[in-house]
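Quantities reported herein were computed from a predicted structural model and do not represent experimental measurements. Reckoned from all heavy atoms, side chains included, excluding hydrogens, waters and symmetry mates.
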Amino acid sequence: MRRHPRRGEAGGEVSLPSNASKASNPSIPSQRGAEVGRRIGVGLMYGLWKPRVLGAWRMPAHGPAILAVNHSHNIDGPMVMGVSPRPTHFLIKKEAFIGPLDPFLTRIGQLKVDRQSTDRTAVTRALGVLTAGGVLGIFPEGSRGEGDFASLRAGLAYFAVRSGAPIVPVAVLGSSERSGRLVKGLPPLRARVDVVFGDPFEAGDGSGRRTRGALDQATERIQKQLTSHLENARRLTGR
């Protein structure tokens, strides 16, 4: 089942403006800041839990890439940020940018998305990350759910086809299996969380077309690839 965005949702799916390339050119999120965020994530994720990272070598060492991450728990984004071999700029709903988190998330190179309107600024900045050869993180399901890639929004296809960047599927498993005793909203301390990186793949058909039909076809290809990766990740990890 495919869904197309009318309004952006958590995890970076935004309404897709037809003239995104004509929008103003805001500053690209800081690559250095994203590296700082990655190092913070390393300390927190490995300090609180026991990440087991499989297949990280599959991520392209250089050039633009899009991490397509399943999403079943709030720690999925920080977990991937911490274990990824390269700094990542995630698209995050603007509601998360509250209080001290607002300047913090901005300084570590994360992208704010307004879910209530067509956020041309977010789209342009995300494309800017890819144009500069950076890594963009997206939750293609749009918001937290079962984390099974069963229903994808079209934003991932748009960014992949528009930029030509390869998609790297990422499965986070174990983050929502059970709650901790001290903090009910988090996995138990020192629990194992598996993060499995898959082989990069191209979303487009090589034609460069960005029509609605082309995006529909790209979304179908993406869903097959992500679903297959998740099934393989579950077999590999026994989850």
Under 3.5 Å, which donor-acceptor pairs link side chains of residues 55-66 to any protein atom two or more places apart or in another chain?
residue, atom, partner, partner atom, Å
Arg58, NE, Asp199, OD1, 2.9
Arg58, NH1, Phe197, O, 3.1

Kindly give the heavy-atom pair with the smallest separation between [X] and [Y], and that separation in Å.
{"X": "Thr88", "Y": "Gly137", "answer": "CG2-N, 3.7 Å"}
{"X": "Phe159", "Y": "Leu127", "answer": "CD2-CD2, 3.7 Å"}
{"X": "Asp76", "Y": "Ser175", "answer": "OD1-OG, 2.8 Å"}
{"X": "Val195", "Y": "Val170", "answer": "CG1-CG1, 3.7 Å"}
{"X": "Leu111", "Y": "Arg125", "answer": "CD2-CB, 3.6 Å"}
{"X": "Val113", "Y": "Ala122", "answer": "CG2-CB, 4.1 Å"}

remark   = Between the OG1 atom in Thr219 and the CZ atom in Arg212, the distance rounded to the nearest 0.5 Å is 8.0 Å
inquiry  = Quick check for you: to the nearest 0.5 Å, what is the distance between Thr124 atom OG1 and Arg120 atom CZ?
reply    = 9.0 Å
ask   = Val123 and Thr121: side-chain contact (heavy atoms from CB on, under 4.5 Å), yes or no, with the steps?
value = CA-CA 5 Å; Val123 171; Thr121 296; over 6 Å; no
Qualifying residues under side chain to side chain donor-acceptor pair (under 3.5 Å), relative to [X], sequence neighbours excluded:
{"X": "Arg107", "result": "none"}
{"X": "Glu35", "result": "Arg38, Arg39"}
{"X": "Arg235", "result": "Asn232"}

Are the side chain of [X] and the backbone of [Y] linked by a donor-acceptor contact shorter than 3.5 Å?
{"X": "Gln110", "Y": "Ile108", "answer": "yes"}
{"X": "Asp102", "Y": "Gly99", "answer": "no"}
{"X": "Arg234", "Y": "Arg239", "answer": "no"}
{"X": "Glu202", "Y": "Ile167", "answer": "no"}

Name all pairs fulfilling the salt bridge (charged side-chain N to carboxylate O under 4.0 Å, His left out) condition that reach into [range], sequence neighbours left out, sorted by first residue then second.
{"range": "residues 59-75", "answer": "none"}
{"range": "residues 130-139", "answer": "none"}
{"range": "residues 223-233", "answer": "none"}

inquiry  = Could you list the cluster mates of Leu236? Members are the ILVMFWY residues connected by side-chain heavy atoms closer than 4.5 Å, either directly or through other members.
reply    = Leu54, Val196
ask   = Quick one: does Phe97's side chain get under 4.5 Å of Pro103's, heavy atoms only?
value = no
inquiry  = Is there a side-chain contact between Ile138 and Val69 in this structure, where contact means two heavy atoms from C-beta onward sitting under 4.5 Å apart?
reply    = no
ask   = Under the side-chain contact (heavy atoms from CB on, under 4.5 Å) criterion, do His71 and Val172 qualify, and how do the steps go?
value = CA-CA 8 Å; His71 195 23; Val172 181; over 6 Å; no
key: Verdict with reasoning, Leu226 to Leu156, per side-chain contact (heavy atoms from CB on, under 4.5 Å)   = CA-CA 12 Å; Leu226 297 187; Leu156 174 56; 4.2 Å; yes
query = Any chance the rings of Phe90 and Phe139 have centres within less than 6.0 Å?
reply = yes
Partner set under side chain to side chain contact (heavy atoms under 4.5 Å, CB included) for Ala34, not counting sequence neighbours = Pro87, His89
Pairs of donor and acceptor atoms involving the side chains of residues 42-51, under 3.5 Å and at least two apart or interchain, shall be tabulated with distances.
residue, atom, partner, partner atom, Å
Trp49, NE1, Pro187, O, 3.1
Trp49, NE1, Pro188, O, 3.1

query = Among all residues two or more places apart in sequence or in another chain, which pass the salt bridge (charged side-chain N to carboxylate O under 4.0 Å, His left out) test with Arg52?
reply = Asp194
task = Apply side-chain contact (heavy atoms from CB on, under 4.5 Å) to the pair Ile75 and Leu186, showing each step before the final yes or no.
result = CA-CA 8 Å; Ile75 74 163; Leu186 295 175; 3.7 Å; yes
